[in-house]
Protein chains: 2
Amino acid sequence: MARKKSTVTIQDVAAAAGVSVSTVSRVLNNKDDVAEETYENIQRVIKELGYTSSLAAKSMRSRKTNVIGLIVSDLNQSFCLNVVKGVNRAIERLDYDLLVYTGGDSTDRTWPVRERQYVSLLNGSITDGIIVVTPTAETFSTNFPLVAIDPHRDSTDFPAVIATNRIGAMSAMEHLLGLGHRRIGFIGGRPDLQSAIRRLEGYKDSLRQANIPLDPDLIQIGDFTQETGYRCAKKLISLPERPTAIFAANDKSAIGAIEAIIDAGLTVPNDISVVGFDNIEEASCVHGGITTVDQFIADMGRVAVEMLVNLIQNKPIENTLYRMPTRLLVRSTSQALITKAG
Amino acid sequence: MARKKSTVTIQDVAAAAGVSVSTVSRVLNNKDDVAEETYENIQRVIKELGYTSSLAAKSMRSRKTNVIGLIVSDLNQSFCLNVVKGVNRAIERLDYDLLVYTGGDSTDRTWPVRERQYVSLLNGSITDGIIVVTPTAETFSTNFPLVAIDPHRDSTDFPAVIATNRIGAMSAMEHLLGLGHRRIGFIGGRPDLQSAIRRLEGYKDSLRQANIPLDPDLIQIGDFTQETGYRCAKKLISLPERPTAIFAANDKSAIGAIEAIIDAGLTVPNDISVVGFDNIEEASCVHGGITTVDQFIADMGRVAVEMLVNLIQNKPIENTLYRMPTRLLVRSTSQALITKAG
DNA sequence: CTGTTAGCGCCTTCAC
DNA sequence: GTGAAGGCGCTAACAG
């Protein structure tokens with residue numbers, strides 16, 4: 001267990017094995033032109049010394065690290081979390097490793113600065129390419145491979161994957177409208193997030209198409225959390241003319257809303273239908289399954305990885321903007337409006 | 001916008017500013033012996049060129065990166081997620097950045113290998129120190145600063161922060177026993193996780209102390225998810241002699257259990273008291289607040305960061321094993337056993 | 001098959 | 001105050 005300094009370098013290995021550094025390097029990179037015997041000897045020494053190559057040095061020299069960076073503002077949002085999952089799963093199959101940088105809290109004012117900072121910190125150093133989730137910046141000063149997930153604007157400098165939030169919301173609304181609902185409440189998400197804005201747009205657009213006037217009382221601004229969903233639903237329920245259906249901008253809010261409805265002595269979907277958005281895991285089991293819009297978040301991660309890897313390998317990308325389709329999942333929290341007898 | 005290759009290096013800055021690289025380096029590191037004028041000129045050029053120093057090169061030369069690594073097996077577990085939050089928050093205050101490596105799925109067989117791999121990959125390269133969450137390995141081949149959170153064994157080679165899982169479980173049990181409950185069901189967590197094992201131990205130890213014989217039927221093995229909590233509770237409810245209280249090894253399971261109890265036409269806590277573990281955010285709002293054991297997960301992250309930073313700065317660490325105390329939070333899902341009249 | 005040589009981008013002496 | 005030179009750990013030519 002010779003350990004001179006704190007780190008054992010390729011030199012130490014070479015010395016211990018009685019060969020030159022380049023031979024060790026060849027073994028490290030699985031070059032084929034090394035004698036069987038030498039190869040195994042070096043492998044043994046490497047193990048004995050507990051040597052691991054320095055990512056820093058390697059990346060500096062070979063401009064290739066097989067590491068992909070993921071920059072995400074807030075892991076507390078289920079959206080971000082699911083993206084990470086999807087990216088992770090996609091990367092496992094490939095020969096890449098994943099490094100995540102997270103700001104911890106997207107409401108943090110300094111995030112936009114740190115986001116840019118990290119893009120340049122990672123790229124060109126230890127990362128072959130980067131995926132940024134819901135970037136705040138509209139452009140990045142990097143020539144390195146970069147893909148965005150759910151960017152704020154449709155047209156960006158870089159390839160992106162976006163959820164079809166507006167269209168997804170419209171499919172939910174059409175479902176409710178088709179069931180005969182006319183008075184539909186909306187529980188919004190954090191107004192600073194693009195996804196929340198687009199879903200609200202979908203809500204409004206659907207009503208317009210159906211020639212139903214907009215009632216501002218029916219729109220409650222939430223923040224994508226269960227607690228706020230609960231509170232917003234309470235307000236909707238206590239309206240003089242209460243809605244017969246509620247469309248929540250995400251499943252968490254929908255779960256809170258269902259709770260509020262039950263607490264108010266009403267039932268779902270008999271008294272009020274509820275539709276969510278996201279299709280998080282809980283949505284399939286809460287209250288017998290929530291009707292929701294599946295946006296295939298994990299798939300967005302997968303697509304982003306595919307695009308990024310193509311970028312890294314200089315392969316052409318067919319679509320610079322991938323729109324992930326959504327799908328309405330009808331479960332047991334929505335049903336046809338029961339019109340008053342007569 | 002001169003960009004020769006893809007990256008703009010310190011050399012480009014030096015050339016553009018008409019100085020030598022060393023002067024630029026001085027500016028970069030805020031050395032004081034640079035003329036005001038030169039300093040500002042270089043700063044301007046840096047901004048113009050959009051230069052950012054390469055983490056790789058810097059770390060290689062100066063053996064200090066101000067980056068802390070966090071290795072976590074599975075972000076889907078609320079425990080891990082909250083640790084990340086805590087670590088992140090703690091790090092923001094200090095002058096460090098955070099890099100997270102996540103395996104995506106702790107049930108993955110290859111995780112132990114990849115864990116070790118990443119410890120050595122990060123440390124000695126781009127990271128000044130590492131925090132490993134619920135490490136599978138009991139030792140790591142690194143001389144670099146490393147702190148573990150919730151390691152599998154009490155005695156380890158490295159400093160660690162552990163939750164007092166067993167004691168916490170016992171406090172929950174004593175609470176229920178104090179309320180008069182004698183038939184208490186247990187919904188366990190993933191049996192491969194140390195925390196799950198220790199909580200089960202606490203359950204058993206408390207019963208033993210109270211001289212209540214162990215009924216194997218009352219112990220359901222779960223996996224820390226809400227769905228399984230639901231299923232386990234169903235089984236407990238349908239027991240010939242059903243329990244009057246359920247202690248779930250985490251809040252997610254407890255939430256599932258409450259659901260199951262309600263679905264069975266019973267009420268919480270009138271028919272069955274429920275106590276959880278973790279004190280995740282939802283616990284405070286579901287069903288009027290779940291009685292649970294707060295283990296201050298985020299604080300564990302904070303403590304780990306403090307220990308790690310001390311390690312990095314070669315300051316002495318007072319405790320090599322920090323036991324994070326737990327605290328019982330009595331809310332509205334537990335109440336005294338209603339004994340049959342007479 | 002293996003050793004030698006030359007940097008990658010940066011920081012740190014040591015001169016001037 | 002500033003520039004020149006050396007080397008961090010590694011890989012990629014080129015020799016042998």
Side-chain angles (χ1 to χ4, degrees), chain A residues 3-42 45-46 49-67 120-128 144, chain B residues 3-42 46 49 51-67 120-128 144:
Chain A
R3 48 173 70 148
K4 313 195 107 178
K5 321 260 181 55
S6 47
T7 334
V8 30
T9 76
I10 197 174
Q11 322 243 19
D12 301 330
V13 176
V19 293
S20 76
V21 279
S22 44
T23 308
V24 179
S25 175
R26 277 189 264 268
V27 172
L28 254 30
N29 299 339
N30 285 314
K31 303 281 181 185
D32 44 1
D33 52 353
V34 180
E36 188 77 8
E37 198 183 352
T38 324
Y39 183 89
E40 278 167 9
N41 182 38
I42 292 178
V45 173
I46 287 176
L49 263 49
Y51 165 80
T52 28
S53 71
S54 152
L55 219 204
K58 182 172 6 195
S59 80
M60 196 164 103
R61 197 65 190 79
S62 59
R63 217 119 256 354
K64 180 110 180 61
T65 59
N66 273 25
V67 175
S120 36
L121 176 65
L122 293 182
N123 250 348
S125 286
I126 48 177
T127 268
D128 289 345
F144 281 86
Chain B
R3 47 173 72 150
K4 312 193 108 178
K5 319 259 182 52
S6 46
T7 333
V8 31
T9 77
I10 197 174
Q11 324 244 22
D12 301 329
V13 176
V19 294
S20 75
V21 278
S22 41
T23 308
V24 179
S25 174
R26 277 189 263 269
V27 171
L28 253 31
N29 299 334
N30 284 314
K31 302 282 183 186
D32 42 3
D33 55 352
V34 179
E36 186 78 8
E37 198 183 351
T38 322
Y39 183 88
E40 278 169 8
N41 183 37
I42 293 179
I46 287 177
L49 262 50
Y51 165 80
T52 29
S53 73
S54 152
L55 219 205
K58 178 168 17 192
S59 80
M60 195 165 95
R61 200 66 188 78
S62 59
R63 219 122 254 355
K64 181 110 179 59
T65 60
N66 274 24
V67 175
S120 36
L121 176 65
L122 293 183
N123 248 349
S125 287
I126 49 177
T127 268
D128 290 345
F144 281 86

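Naming: A, B, ... by sequence-line order, numbering from 1 per chain.
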Enquirer: Quick one: list whatever passes side chain to side chain contact (heavy atoms under 4.5 Å, CB included) with B/Q11, sequence neighbours left out.
Expert: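 Checked B/Q11 against side chain to side chain contact (heavy atoms under 4.5 Å, CB included); matches are B/T9, B/V21.
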
Enquirer: Which residues in residues 14-21 of chain B have at least one heavy atom lying under 4.0 Å from any atom of DNA chain D?
Expert: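 The stretch gives B/V19, B/S20 as the residues lying under 4.0 Å from the strand, ordered by number.
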
Enquirer: Listed by chain and number, what are the side chain to side chain donor-acceptor pair (under 3.5 Å) partners of B/S20, not counting sequence neighbours?
Expert: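 By the side chain to side chain donor-acceptor pair (under 3.5 Å) rule, B/S20 matches B/S22, B/T23.
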
Enquirer: Between the protein and nucleotides 14-16 of chain D, which nitrogen or oxygen pairs come in under 3.5 angstrom?
Expert:
none

Enquirer: With sequence neighbours excluded, what pairs up with A/V27 under the side chain to side chain contact (heavy atoms under 4.5 Å, CB included) test?
Expert: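 For A/V27, the residues satisfying side chain to side chain contact (heavy atoms under 4.5 Å, CB included) (neighbours in sequence not counted) are A/V34, A/Y39, A/I42, A/Q43.
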
Enquirer: Between D/dT11, D/dG1, C/dG9, which nucleotide gets closest to the side-chain atoms of B/T38?
Expert: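 The answer is D/dG1.
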
Enquirer: Confirm from the modelled atom types if A/S22 and D/dT11 form a donor-acceptor pair under 3.5 Å, side chain to base only.
Expert: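 In this structure, the two groups form no donor-acceptor pair.
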
Enquirer: Could you list the residues that satisfy side chain to side chain donor-acceptor pair (under 3.5 Å) with A/N29, not counting sequence neighbours?
Expert: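 Side chain to side chain donor-acceptor pair (under 3.5 Å) check on A/N29 returns nothing, list empty.
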
Enquirer: For B/S59, answer base if it contacts any base atom (sugar-phosphate contacts may also be present), sugar-phosphate if it contacts only those atoms, and nothing otherwise; contact means non-hydrogen atoms under 4.0 Å.
Expert: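 Contact class for B/S59: none.
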
Enquirer: Please tell me which of the listed nucleotides, C/dC11, D/dT2, D/dG9, lies nearest to the side chain of B/S25?
Expert: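 Of the candidates, C/dC11 comes closest.
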
Enquirer: How would you list, by chain and number, every residue that makes a side chain to side chain donor-acceptor pair (under 3.5 Å) with B/T52, sequence neighbours excluded?
Expert: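 Scan of B/T52 (side chain to side chain donor-acceptor pair (under 3.5 Å), adjacent residues dropped) gives none.
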
Enquirer: Please determine, for the side chain of A/T23, which listed nucleotide (D/dG3, C/dG3, C/dC10) has the closest atom?
Expert: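 Per side-chain heavy atoms of A/T23, the pick is C/dG3.
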
Enquirer: Tell me, please, which residues at least two apart from A/S59 pass side chain to side chain donor-acceptor pair (under 3.5 Å).
Expert: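 In terms of side chain to side chain donor-acceptor pair (under 3.5 Å), with neighbours along the sequence ignored, A/S59 is linked to no residue.
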
Enquirer: Out of C/dG9, C/dT2, D/dC10, which has the shortest distance to the side chain of B/M60?
Expert: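 For B/M60, the side-chain atoms sit closest to C/dG9.
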
Enquirer: Starting from Watson-Crick (N1-N3 plus N6-O4 or O6-N4) and G-U wobble pairs under 3.5 Å, report the runs of at least three that DNA chain C belongs to.
Expert: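 The stems are C:1-4 with D:13-16, C:6-16 with D:1-11.
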
Enquirer: Can you name the residues that form a side chain to side chain contact (heavy atoms under 4.5 Å, CB included) with A/N41, not counting sequence neighbours?
Expert: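 Result, side chain to side chain contact (heavy atoms under 4.5 Å, CB included) vs A/N41: A/A17, A/R44, A/V45.
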
Enquirer: I'd like to know if B/R61 reaches the base of D/dG7 with its side chain such that a donor and an acceptor end up less than 3.5 angstrom apart.
Expert: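 Answer yes: a donor N or O sits under 3.5 Å from an acceptor.
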
Enquirer: Quick one: pull up CG in B/D12 and OH in B/Y51 and give me the separation to the nearest 0.5 Å.
Expert: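 OH of B/Y51 is found 9.5 Å from CG of B/D12.
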
